[in-house]
Amino acid sequence: DTVNTATALAYQDIYFEYHRLKKYVGGKEEISHENLLSEMEKLMDTLYIPQFIRHIQILFDSMIHSATKMYLKIGTTGTGGMGLNIPYTHSEEKPSRVLLSKSALAGAHSMLLFLMGRTPGGPIVKEIKPAAAIAWKGIEYGKIKKHGKTVQLYDCSPENAETLGDTFRFDGEKKWENLNKPLKSVYIDTGENGIFSLGEFEAITTAGQMEFVTPEEIAHNAVMEILGSSTGTDIINALDNSIMGPTYRAGYMRDDAIRKMIELCDKNESDSVAFEILGPPRLSKLLHEAYLIKKVIGTIENLAKISAEKLIEQTEKIVLENQEIRSQAISIGIPILLSDGKRMLRGPNIVSPKNFGTDTIPMTAENIEKWADAGWVDLRKKNIEKWIGRANQILTNLETVSRDDTSSRYHHGHVYWAVEKPIAIGKLAAWIFIHEDKGKREKR
């Protein structure tokens, strides 16, 4: 993928659109309400990040659907490898906000590709990011084009010179003369970056400026990376090797933190379930459901044996009779859907569905299923049966692990699960995220 996505989006120039709209909002120029809304839409259409995120989502889903094996991006630094002091810019600013927007998007792009490469089931992801001008495609003499249009020659004779006054007018006094012929000169074609004059090329490629790299060198590295060679130019691999990941110290101290929290729970007779600060609502929903089940049957072994009808009866009994337990869920925005599927216990705020500024949403059967799965404690039979099925699946998986195996092969083995002891609700939620929601961390 050699399309310069960051450039394409950043050069929509939200700053220009803002200043164009400002004259209408400020009342300097008259505009109808309908046209004002249209102008505001144009401004919103230039917002970079929503477009960029959607681009990545569609790209990734398409590659999953097509079983793409590798995705290699030729990216950009936005400044040809130069810093904030770059002399080549798009306005009087140095550097311009438009150019910095391009660099910001280029960085955001790399981080999204980094995340893509850490997603199980996706393609191998690589990015080569040239940090120099790229040249060249050809050297010619001919018409000079800018933005796809031939530059026309104009003249302004001395007697038609404008006298500078108090106001500068962009449209001028129009005393210039169209010579009706194109600008012709010698140029070097650098491809995507356009054509440069001898002077421009000489300046930009001087040592200490952008300098340059040839497209053939970039192509060679791309091919070598695809073939499996390590060229040292894949920045995704560089990020993988330089980020600070989970540490031995943190893992060593994790048990201490959990043990201290359990001690405080016992001392204060408090059950620390979920606060809906971490998110998503589905995590809070799963934790509260697992907590109710733990209060009823205690262990994973018991969960695998109990009938759905009995579990529904006992969990609903706790919800209906214990104000403290149900209030902890509904107070953080997690409603409780009772077993009949028709009644709900709720507080003033609900986190699923998300409110996007509307007062009502149709309560269709499809919506109920979506919202309940995303963020409601669901006491209906099919959801309770799902929990029993999870317990059985965990026990079935453990049957393949020998209790005599003392190797380092299994980190979620018999000792981890301790199925005969009280349920650790966080372990169950994590298991669901890994196995059902396909949310496993790819690299550790």
Without swapping roles, check the side chain of His288 against the backbone of Val273 for a donor-acceptor pair under 3.5 Å. no
Could you tell me if the side chain of Asn392 sits less than 4.5 Å from the side chain of Trp387, heavy atoms only? no
4.5 Å side-chain heavy-atom contact, Tyr11 and Val98: yes
Steps toward side-chain contact (heavy atoms from CB on, under 4.5 Å) verdict (Ile423, Ile297): CA-CA 9 Å; Ile423 291 172; Ile297 44 81; 4.1 Å; yes
Would you call Lys42 and Asp45 a salt bridge, taking side-chain N to carboxylate O under 4.0 Å as the test? no
Would you call Ser339 and Lys381 a side-chain contact if the rule is heavy atoms closer than 4.5 Å? no
Any donor-acceptor pair under 3.5 Å from Thr315 side chain to Ile312 backbone: yes
For residues Val223 and His220, determine if any side-chain heavy atom of one lies less than 4.5 Å from a side-chain heavy atom of the other. no
Within 6.0 Å of CE in Met70, more than 12 heavy atoms from elsewhere: yes
If we ignore angles and hydrogens, is there a donor and acceptor under 3.5 Å between the side chains of Gln393 and Arg390? no
Aromatic plane relationship, His55 with His109 - under 30° parallel, 30 to 60° tilted, over 60° perpendicular: perpendicular
Nearest atoms (heavy-atom pairs only) where Pro422 meets Lys294: CB-CE, 4.1 Å
Hey, does the side chain of Ser331 reach the backbone of Gln328 with a donor-acceptor pair shorter than 3.5 angstrom? no
Separation between CG of Leu115 and CD1 of Ile236, rounded to the nearest 0.5 Å: 9.0 Å
Step-by-step side-chain contact (heavy atoms from CB on, under 4.5 Å) determination, Glu127 to Ile235: CA-CA 6 Å; Glu127 182 186 5; Ile235 72 162; 3.3 Å; yes
Write down the atom of Asp234, the atom of Thr231, and the distance for their closest heavy-atom approach. N-OG1, 4.4 Å
Heavy-atom distance under 4.5 Å between the side chains of Asn349 and Val351, does that happen here? no
Ring centre gap for Phe16 and Tyr18 strictly below 6.0 Å: no
CG of Asn302 to CD1 of Ile293: how many Å apart, nearest 0.5 Å? 12.0 Å
Apply the test side-chain hydrogen bond (donor to acceptor under 3.5 Å, both in side chains) to residues Lys73 and Thr5: give CA-CA distance (whole Å), side-chain angles for both, the deciding distance (0.1 Å), then the verdict. CA-CA 10 Å; Lys73 178 72 180 180; Thr5 317; 2.9 Å; yes
Evaluate side-chain contact (heavy atoms from CB on, under 4.5 Å) for Met210 paired with Ile86, printing each intermediate quantity in order. CA-CA 9 Å; Met210 278 190 190; Ile86 178 173; 3.8 Å; yes
Is a salt bridge present between Glu313 and Lys310, judged by a nitrogen-to-oxygen distance below 4.0 Å? no
Would the number of heavy atoms belonging to other residues, nucleotides or ligands and lying under 6.0 Å from CZ of Arg254 be above 12? no
Which heavy-atom pair separates Leu428 from Ala290 by the least distance, and what is that distance? CD1-CB, 4.3 Å
Strictly below 4.0 Å, N to O, side chains only: are Asp373 and Lys285 in salt-bridge contact? no
Lys382/Glu369 salt bridge by N-O under 4.0 Å criterion: yes
Would you say Asn322's side chain and Ile318's backbone share a donor-acceptor pair under 3.5 angstrom? no
May I ask you to decide whether Asp340 forms a salt bridge with Lys342, counting only side-chain N to carboxylate O separations under 4.0 Å? no
Side chains of Ser352 and Arg282: does their closest heavy-atom pair fall under 4.5 Å? no
Can you tell me if Ser38 uses its side chain to pair, donor with acceptor, with the backbone of Glu34 under 3.5 Å? no
In Å, rounded to the nearest 0.5 Å, how long is the span from CD of Glu442 to CE of Met116? 14.0 Å
Answer yes or no: are there more than 12 heavy-atom neighbours, outside Leu227 itself, under 6.0 Å from its atom CG? yes
Could you state the interatomic distance from CG (Leu9) to CG (Leu105), rounded to the nearest 0.5 Å? 6.0 Å
Trace of the side-chain hydrogen bond (donor to acceptor under 3.5 Å, both in side chains) decision for Thr76 with Lys102: CA-CA 9 Å; Thr76 180; Lys102 176 182 174 182; 4.5 Å; no
side-chain hydrogen bond (donor to acceptor under 3.5 Å, both in side chains) evaluation trace for Asp271 with Tyr291: CA-CA 9 Å; Asp271 293 313; Tyr291 172 67; 2.5 Å; yes
Nearest atoms (heavy-atom pairs only) where Arg441 meets Pro246: NH2-CD, 3.2 Å
Check the pair Asn383, Glu289 against side-chain hydrogen bond (donor to acceptor under 3.5 Å, both in side chains), reporting the backbone distance first and the verdict last. CA-CA 10 Å; Asn383 188 54; Glu289 287 178 352; 3.1 Å; yes
pair Ile434-Lys440: side-chain heavy atoms closer than 4.5 Å: yes
Taking atom CG as the centre, does Asp171 end up with more than 12 heavy-atom neighbours from other residues, nucleotides or ligands that are less than 6.0 angstrom away? yes
Greater than 12 external heavy atoms within 6.0 Å of Leu59's CG: yes
Could you tell me how the ring of Trp431 sits relative to the ring of His435: parallel (under 30°), tilted (30 to 60°) or perpendicular (over 60°)? tilted
Do Thr46 and Glu17 pair up side chain to side chain, a donor and an acceptor below 3.5 Å, judged on atom types alone? no
Pro123 and Phe60: which non-hydrogen atoms are nearest, and at how many Å? CD-CE1, 4.1 Å
Would you say Asn367's side chain and Pro362's backbone share a donor-acceptor pair under 3.5 angstrom? yes
So does Trp371 have more than 12 non-hydrogen atoms from other groups sitting under 6.0 Å from CH2? yes
I want to check something: taking the side chain as every heavy atom from C-beta on, are Ile336 and Ile330 in contact at a cut-off of under 4.5 Å? yes
Mind listing the side-chain donor-acceptor pairs of residues 261-270 below 3.5 Å, one per line with the distance, residues two or more places apart or on another chain?
unit_1 : atom_1 : unit_2 : atom_2 : d
Asn268 : ND2    : Leu264 : O      : 2.8

So CG of Leu36 and CE of Met40: to nearest 0.5 Å the spacing works out to 6.0 Å
At their closest point, which heavy atom of Ile388 faces which heavy atom of Ile306, and how far apart are they? CD1-O, 3.5 Å
Pairing residues for Phe212 by the ring-ring contact (aromatic ring centres under 6.0 Å, His included) criterion, not counting sequence neighbours: Phe201
Please determine, by modelled atom types, if Ser101 and Tyr15 share a side-chain donor-acceptor pair under 3.5 angstrom. yes
Intermediate values then yes/no, side-chain contact (heavy atoms from CB on, under 4.5 Å), Leu43 and Ile14: CA-CA 7 Å; Leu43 176 66; Ile14 191 172; 3.9 Å; yes
With sequence neighbours left out, what residues match His412 under ring-ring contact (aromatic ring centres under 6.0 Å, His included)? Tyr416
Interatomic spacing from CD1 in Ile277 to CG in Leu283 - rounded to 0.5 Å: 12.0 Å
